[in-house]
Peer 1: 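Below you will find the structure I want to go over with you.
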Amino acid sequence: MGLDKLRNLYQAVILDHANHPRNKHKLTNPTTTMTVHNPTCGDTINLQVQVKNNRLADIAFTGSGCSISQASASMMTEAVKGKSTQEAQQMAKTFSDMAIGKYHYQKDLKKLGDAQVLINIMQFPARIKCATISWWALERALAKEDQTGEQRSK
Amino acid sequence: MSNPWRDDFPILKQRVNDERLAYLDNAATSQKPQAVIDTVTHFYEHDNANVHRGVHTLAERSTSRYEEARRKVQQFIHAQRSDEIIFTKGCTDSLNLVTSTYGNQVIHAGDEIVITIMEHHSNLIPWQQLAKQKGAKLKYIDIDENGQLKMDQAARLITDRTKIVAVTHISNVLGTVNPIQQLAAIAHQHHAVIVVDGAQAVAHLPVNVQELGADFYAFSGHKMLSPTGIGVLYGRHNLLAKMTPYQYGGEMIAEVHQQESTWAEPPFRFEAGTQNIAGAIGLGAAIDYLNQVGMDKIQHHEQEMVKDLLPRIVKMPGVTVYGPHDADKHTGVIAFNIDGIHPHDVATALDMDGVAVRAGHHCAQPLMERLGVPATVRASLAFYNDQQDIDQLLAAIQDTKEFFKHGTR
Ligand SMILES: Cc1ncc(COP(=O)(O)O)c(C=O)c1O
């Protein structure tokens with residue numbers, strides 16, 4: 001049956017992240033909070049970051065959505081935690097390039113950790129948004145952090 | 001439940017993801033029979049010209065076919081006169097037409113508009129925004145636990161302050177058929193008009209706008225076997241005659257001077273610019289086809305399928321079905337969820353089994369909120385579906401449950 005093809009998308013590691021999401025809670029001292037919605041399906045990701053010395057000292061999310069969006073958020077937070085904000089921004093770009101089938105370097109892909117298994121999402125165009133929504137939230141959170149961070153240091 | 005009509009729809013012959021295609025997304029849009037496709041092609045190959053503008057032979061032909069389509073619509077919904085039929089881009093356009101002409105003219109501060117909690121956004125946002133602009137009040141008729149309108153509440157909400165009641169004929173989520181006749185009677189007692197959204201009804205049961213008591217009746221062609229981009233607004237002649245234009249431009253005028261213009265009679269007053277001529281002619285062909293099958297037969301066949309499908313899906317462990325569970329009260333629009341699996345994951349899984357359904361809020365967010373769910377899966381039938389489609393859906397739901405048996409959240 002078609003379920004073999006389904007396994008292409010829902011690999012064990014994705015189901016594991018969906019069932020046991022990492023970093024799914026609220027931070028006590030976030031420096032920036034960002035909420036994004038996917039209006040076509042009602043998914044919501046509420047992302048919190050704590051930036052210290054240009055590093056993502058901590059990151060967590062809450063929200064609801066399909067297994068792809070939840071797993072992707074979980075994998076994203078794992079991949080970027082402890083990274084510099086610049087690195088995290090670069091990773092977000094690699095991820096969105098990968099999701100839409102654009103060229104990306106193999107070594108950049110490796111940095112994404114578990115998140116790189118979502119490369120198969122390209123074969124399911126209707127679900128690309130589900131995978132990218134958390135990375136999009138990250139990009140927006142970091143952009144906001146840049147602005148407010150500058151103000152804080154003034 | 002064999003099906004003599006399925007073969008008339010060429011698109012259904014393909015395989016999807018190496019599986020037989022079970023197309024169960026008819027509430028989003030219907031498929032098109034060969035007869036409609038051929039009519040549209042024939043029009044472009046033989047008769048294409050702009051309407052009401054030329055004296056040449058092709059213009060004459062296309063004009064007469066366009067106006068013939070209008071008469072077919074008139075007869076199909078049993079309107080009294082053909083000039084009560086306005087061609088639009090679709091149901092959304094039809095409803096916006098009513099709001100921005102009739103609605104704009106009659107609604108004043110303090111007036112009330114009554115709609116229902118099950119409305120599609122296209123019969124909700126236009127009224128919401130009109131009410132906001134005018135300082136009018138928008139009121140909602142609620143549903144009971146079976147997904148049916150609370151008629152006692154409707155009788156209380158509709159008062160002499162009510163100027164417009166707007167309600168869907170059939171819910172695009174719950175599959176309920178609303179008591180339009182009763183609502184029309186209440187509205188008329190209070191000198192209000194009733195606007196009916198017929199998007200989910202016209203292709204599924206015989207519609208008689210006069211018997212329903214509808215003052216306006218809106219629908220899309222694409223949900224009834226026609227091309228996209230064509231729709232209809234029916235309006236009572238005495239109302240249309242007093243309405244201001246919707247858009248300005250060619251074809252909708254009587255006389256134009258430098259500082260003043262006067263308007264053509266309905267329906268032309270509301271059909272500014274070159275219309276979707278091929279779409280209207282395609283709609284005419286769709287009506288011919290539906291009449292050939294017979295709307296009574298279509299309703300009966302769909303109801304037989306619901307009688308088989310609904311109890312079987314309701315009985316599946318871990319599956320929640322919204323709307324009435326009584327097959328006599330439920331049309332072929334069936335919204336459901338599977339415990340622990342997000343509707344989008346369900347829809348992707350069903351697609352891998354060749355079953356096309358929709359997942360999401362179905363452009364009815366206030367209803368989703370009322371039901372307390374962010375989204376649902378929706379399977380929706382048409383008369384060209386058959387027993388195999390139903391069995392394939394149920395088997396695919398079973399597969400999906402097994403695949404995600406450890407849950408996804
Ligand atoms: C009940 C109802 N009303 C209105 C519409 C809007 O139709 P359209 O998008 O063709 O304008 C739909 C279509 O989804 C519908 O189901």
Peer 1: Does anything in residues 17-26 of chain A form a salt bridge (charged side-chain N to carboxylate O under 4.0 Å, His left out)? List the pairs, not counting sequence neighbours.
Peer 2: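 Of all non-adjacent pairs touching residues 17-26 of chain A, those that pass salt bridge (charged side-chain N to carboxylate O under 4.0 Å, His left out) are Asp16(A)-Arg22(A), Arg22(A)-Glu78(A).
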
Peer 1: For Ile14(A), which atoms come within 4.5 Å of any heavy atom of chain B: side chain, backbone, both, or neither?
Peer 2: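 For Ile14(A), neither part sits under 4.5 Å from chain B.
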
Peer 1: Below 4.0 angstrom, N of the basic side chain to O of the carboxylate: do Asp389(B) and Arg20(B) qualify?
Peer 2: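 Answer for the salt bridge query: yes.
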
Peer 1: Give every residue pair that meets the salt bridge (charged side-chain N to carboxylate O under 4.0 Å, His left out) criterion with at least one member in residues 35-55 of chain A, sequence neighbours excluded.
Peer 2: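 For residues 35-55 of chain A: none.
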
Peer 1: Counting only non-hydrogen atoms closer than 4.5 Å, can you tell me which residues of residues 81-96 of chain A sit against chain B?
Peer 2: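 Checking residues 81-96 of chain A against chain B gives no residue, so none.
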
Peer 1: Could you note down all residue pairs passing salt bridge (charged side-chain N to carboxylate O under 4.0 Å, His left out) where residues 120-129 of chain A supplies at least one of them, sequence neighbours left out?
Peer 2: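 Residue pairs passing salt bridge (charged side-chain N to carboxylate O under 4.0 Å, His left out), neighbours aside: Arg127(A)-Asp345(B).
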
Peer 1: Can you confirm whether more than 12 heavy atoms, excluding those of Glu369(B), are under 6.0 Å from its CD atom?
Peer 2: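 Open: at most 12 neighbouring heavy atoms sit under 6.0 Å from CD of Glu369(B).
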
Peer 1: Between Gln70(A) and Ser67(A), is the side chain to side chain donor-acceptor pair (under 3.5 Å) condition met? List the steps.
Peer 2: CA-CA 5 Å; Gln70(A) 295 293 295; Ser67(A) 60; over 6 Å; no

